[in-house]
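Notes follow the structure.
If you read the sequence from its start, that first residue is 1, and numbering goes on from there.
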Amino acid sequence: NPELLRLKALAEMVAKTGGAECGCDDVYELIDQYAESVLQGQDPALLMPQVKHHLDVCRGCCEEYEMLLQIMQMEQA
């Protein structure tokens with residue numbers, strides 16, 4: 001699955017940050033892939049743990065993610 005390979009590559013890229021916390025800009029770059037993995041039934045927290053952590057602590061990014069996920073779910077319906 002090409003999408004899964006792309007997600008794994010992104011996860012590796014994020015992991016190479018040496019455990020540094022993701023900022024809002026980093027999350028903004030990855031949030032669509034994060035939501036896409038949810039829609040595909042994958043666990044994005046395993047692929048992108050830094051993004052998951054940021055969404056847990058940053059209300060603004062979390063709200064943006066939730067809106068994006070709702071839009072993507074409506075487009076699939």
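Listed by first then second residue, pairs satisfying salt bridge (charged side-chain N to carboxylate O under 4.0 Å, His left out) with a partner in residues 43-55 read K52-D56, not counting sequence neighbours. Note on residues 67-76: no pairs pass side-chain hydrogen bond (donor to acceptor under 3.5 Å, both in side chains), not counting sequence neighbours.
For the atom pair CG (L46) and OG (S37), the distance works out to 9.5 Å, reported to the nearest 0.5 Å. Taking SG of C58 as the reference point, atom CD of E64 lies at 9.5 Å (rounded to 0.5 Å). Interatomic distance, CD of E36 versus CD of Q42, reported as 9.0 Å (0.5 Å rounding).
Pairing each heavy atom of Q33 with each of E29, the nearest pair is OE1-O, 3.2 Å. Summarising the geometry of V38 relative to P44, their closest heavy-atom pair is CG2-CG, 3.5 Å, with the distance given to 0.1 Å. Here the shortest heavy-atom pairing between Y34 and A45 reads OH-N, 4.1 Å.
A salt bridge links R59 with E66; the closest basic N to acidic carboxylate O contact falls under 4.0 Å.
Cluster membership check: I31 shares its hydrophobic cluster with M72, using side-chain heavy-atom separations under 4.5 Å among Ile, Leu, Val, Met, Phe, Trp and Tyr. Note: the hydrophobic cluster containing L55 also contains L39 (ILVMFWY, side chain heavy atoms under 4.5 Å, direct or indirect links).
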Exercise for review: I would like to know whether C62 and H54 meet side chain to side chain contact (heavy atoms under 4.5 Å, CB included); could you show each step before the answer?
Suggested key: CA-CA 8 Å; C62 185; H54 184 87; over 6 Å; no
Check your understanding: Are Y65 and D32 close enough, and set up right, to give a side chain to side chain contact (heavy atoms under 4.5 Å, CB included), and what steps lead you there?
Key -> CA-CA 8 Å; Y65 160 70; D32 58 329; over 6 Å; no
